[in-house]
Amino acid sequence: MITAERLREIAFWSAELTEEEIERARRGMTEKAFAKGAYICHKGDKFDPWLGVVSGLVRLGTVSQKGKSVTLAGMRAGGWFGEGSVLKKEARQYDLVALRDAKLALMASATFFWLFENSAGFNRFLVTQFNERIGQFIALVEFDRSLDATAKVARNIAWLCNPVLVPRAGNHLDITQEEIGLISGVSRQAVNAALQTLEQKKLLRVGHGGIAILDLDKLSHYED
DNA sequence: GCATTAACAGCCG
DNA sequence: CGGCTGTTAATGC
């Protein structure tokens with residue numbers, strides 16, 4: 001169980017909840033630490049909590065039939081995910097790996113369903129979250145030709161900084177080029193080249209162990 | 001051609 | 001010093 005104050009810190013959506021709903025939410029939640037490289041769950045697991053990243057970086061991915069690993073998305077601190085599997089009471093559709101030491105918040109599915117049945121604020125948040133994800137998905141399908149490495153990197157960085165999915169993100173992203181590679185499905189060297197291209201176009205600025213976002217909108221629509 | 005792996009020097013904290 | 005970055009060379013699809 002976590003305190004009401006802790007809930008405010010780690011869960012931006014709690015701002016939409018009434019006192020009673022906050023009480024329910026915090027009683028149904030715990031925090032858990034994962035070491036770098038650790039699996040949070042595997043594809044096919046019956047793992048029921050809804051998840052939020054409190055600190056660290058998490059990779060959502062899977063393994064194709066041919067055996068190569070495919071990354072679906074990265075999730076940074078402040079992001080919440082997994083509501084699809086919880087709502088449908090189904091097994092996880094992907095692997096979750098901590099790319100560095102991470103702390104996650106876990107909400108029991110019974111609590112999630114209670115909020116779903118009783119809280120207007122929580123439902124407003126859920127609809128907003130789904131809507132934003134659909135928007136990302138549409139943007140992905142819109143460009144049927146495959147993206148080059150620079151475009152993949154640009155889009156994945158933009159997703160990590162989505163202000164609706166991660167409202168407190170700000171303009172700075174603490175992430176190494178290797179981590180961007182793991183999330184984007186591109187080698188570290190290709191990430192390095194991509195970042196330099198994007199910096200020249202003034203869409204972002206590269207620093208040591210992090211980047212500053214200058215033009216999120218252009219990053220999210222970037223085509224080579 | 002473009003991207004990947006491997007290897008390495010240099011830089012930053 | 002250890003981790004991260006920027007580059008180059010060799011290899012693969």
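What you see below is based on every heavy atom in this structure, not just the backbone, and it leaves out hydrogens, waters and symmetry mates.
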Anything under 3.5 Å between a donor and an acceptor, one on a side chain of residues 31-42 of chain A, the other on a protein residue two or more places apart or in another chain? List them.
| unit_1 | atom_1 | unit_2 | atom_2 | d |
| --- | --- | --- | --- | --- |
| A:Glu31 | OE1 | A:Arg6 | NH2 | 2.9 |
| A:Glu31 | OE2 | A:Arg6 | NE | 2.7 |
| A:Glu31 | OE2 | A:Arg6 | NH2 | 3.4 |

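A:Asn162 is linked by a side-chain contact (heavy atoms from CB on, under 4.5 Å) to A:Glu132, A:Gln136, A:Val164, A:Leu165, counting only residues two or more places apart in sequence or in another chain. Listed by chain and number, the residues in a side-chain hydrogen bond (donor to acceptor under 3.5 Å, both in side chains) with A:Gln189 amount to none (sequence neighbours excluded). With sequence neighbours excluded, the residues satisfying side-chain hydrogen bond (donor to acceptor under 3.5 Å, both in side chains) with A:Arg124 are A:Glu16. For A:Ala105, the side-chain contact (heavy atoms from CB on, under 4.5 Å) partners at least two apart in sequence or on another chain are A:Ile10, A:Met29, A:Val54, A:Trp80. Shown here are the salt bridge (charged side-chain N to carboxylate O under 4.0 Å, His left out) partners of A:Asp174, two or more places apart in sequence or in another chain: there are none. Taking A:Phe81 as the reference, A:Leu51, A:Val53, A:Val58, A:Leu60, A:Met75, A:Leu96, A:Arg133 meet the side-chain contact (heavy atoms from CB on, under 4.5 Å) condition, with sequence neighbours excluded.
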Practice task
Would you mind building the protein contact string for nucleotides 2-13 of chain C? One character per nucleotide, 5' to 3', B for base within reach (heavy atoms under 4.0 Å), S for sugar-phosphate only, - for untouched.
Solution key: -BSBBBB-----
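The nucleotide range of DNA chain B contacted by chain A, defined by atoms under 4.0 angstrom from heavy atoms of the protein and reported 5' to 3', is B:dA3 to B:dC12.
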